[in-house]
Amino acid sequence: MEVVIVQDAAAGGELIAEGIAALLRRKPDALLGVATGSTPLPIYDALTAKVRSGAVDAARARIAQLDEYVGLPVGHPESYRSTVLRQVVEPLGLDAGAFMGPDGSAEDVQAACEAYDRALVEAGGVDLQILGIGTDGHIGFNEPCSSLASRTRIKTLTEQTRVDNARFFEDDIDQVPHHVITQGIGTILEARHLVLLATGEGKAEAVAQAVEGPVAALVPASALQLHPHATVVVDEAAATKLKLADYFRHTYAHKPAWQGL
Ligand code: GLP
């Protein structure tokens, strides 16, 4: 696992967007796994700017959703499908055909989960998966004690996650669904490159546990330690609880340029 400490969220967004641009130059039809939440927005802004300036061509990129609420009406603005279309697919100039995600409104949720896992494999697998981290260490919607081998499935949100996400639902926790579909931790680990961005002091404890603690289902993001190519980008505030911060700074400063992200 590589840990990169950057000054702030904008620098993290720029670094990761450049990594995605390098991937698209190598593989124009790369399948990009995208996360929702506030944290990845600087990545999408920076990538959109690169596309608009002509620094990279994303016309053939494909986008895969990480997770979804269950039971929101089709087209609900806070469904993750609507969110990804609004924040990633449209700004990049892609059409909806370039996008894939689980069906949160399916009658048979389990079948929809299995179908999405199959669709990811049939699409050739995710090339680069962007991840955020919940304050309780979750990735996607894999809450603490999710199996490290889990596949895409339905989960019940913790009260803390519903409180954290109420800001997207008029600060009304009663509007936040209890159930979600999420790529499993086993599914996420199949992506070729995992890139987790964490910013702000509120994420410092979860980042320290994920990076320097034991691999444990209690901290789902610690599963990144099992992946051969995982990059954790944190701003100074989110890095404050890392014991090895100086080592991470030193190794990144001396990283051979040809390695890229
Ligand atoms: C939600 C999403 C996660 C995201 C997390 C943190 O639970 N399902 O993918 O990482 O929120 O969100 P934020 O980046 O807004 O703190």
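All ligand and atom numbering here is 1-based and tracks the order in the structure. Index from 1, following the sequence.
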Could you check whether the rings of F169 and H76 sit parallel, tilted or perpendicular, using 30° and 60° as the cut-offs?
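Tilted.
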Subset of ligand 1 atoms that lie under 4.0 Å from at least one heavy atom of [X]:
| X | answer |
| --- | --- |
| S38 | 13 (P), 14 (O), 15 (O) |
| G132 | 10 (O) |
| F141 | 1 (C), 7 (O), 8 (N) |
| N165 | 1 (C), 7 (O) |
| T39 | 13 (P), 14 (O), 16 (O) |

Which ring-ring contact (aromatic ring centres under 6.0 Å, His included) pairs, counting each pair once, include a residue from residues 78-115, with sequence neighbours left out?
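Those involving residues 78-115 are Y69-Y80, Y80-F141.
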Any pair counted as ring-ring contact (aromatic ring centres under 6.0 Å, His included), so long as it reaches residues 233-257, sequence neighbours left out:
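Output for this query lists H250-H254.
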Residue portion contacting ligand 1 (non-hydrogen atoms closer than 4.0 Å) for [X]:
| X | value |
| --- | --- |
| I133 | backbone |
| D67 | side chain |
| R167 | side chain |

Considering only the protein, which heavy-atom contact is closest to [atom], and what is its distance?
| atom | value |
| --- | --- |
| atom 16 (O) of ligand 1 | K203 NZ, 2.6 Å |
| atom 1 (C) of ligand 1 | Y80 OH, 3.6 Å |
| atom 4 (C) of ligand 1 | T36 O, 3.9 Å |
| atom 12 (O) of ligand 1 | G37 CA, 3.9 Å |
| atom 7 (O) of ligand 1 | H138 NE2, 2.8 Å |
| atom 3 (C) of ligand 1 | G140 O, 3.4 Å |

Do the side chains of K241 and Q209 get nearer than 4.5 Å, heavy atoms only?
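Side-chain contact under 4.5 Å: no.
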Report yes or no: does R62 contribute a side-chain atom to a donor-acceptor pair with the main-chain N or O of A98 at less than 3.5 Å?
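No, because the side chain of R62 does not come within donor-acceptor range (under 3.5 Å) of the backbone of A98.
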Exam field: side chain R153 to backbone S150, donor-acceptor pair closer than 3.5 Å
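No; zero donor-acceptor contacts below 3.5 Å.
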Any chance CD of E107 has more than 12 other-residue heavy atoms, nucleotides or ligands included, within less than 6.0 Å?
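No, because the 6.0 Å sphere around CD of E107 holds 12 heavy atoms or fewer from other groups.
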Heavy-atom count around E212 CD within 6.0 Å, excluding the residue itself: above 12?
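For E212, atom CD is crowded (more than 12 foreign heavy atoms under 6.0 Å).
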Straight-line distance of L32 CG to L128 CG, nearest 0.5 Å:
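Answer for the CG-CG pair, L32 versus L128, is 6.5 Å.
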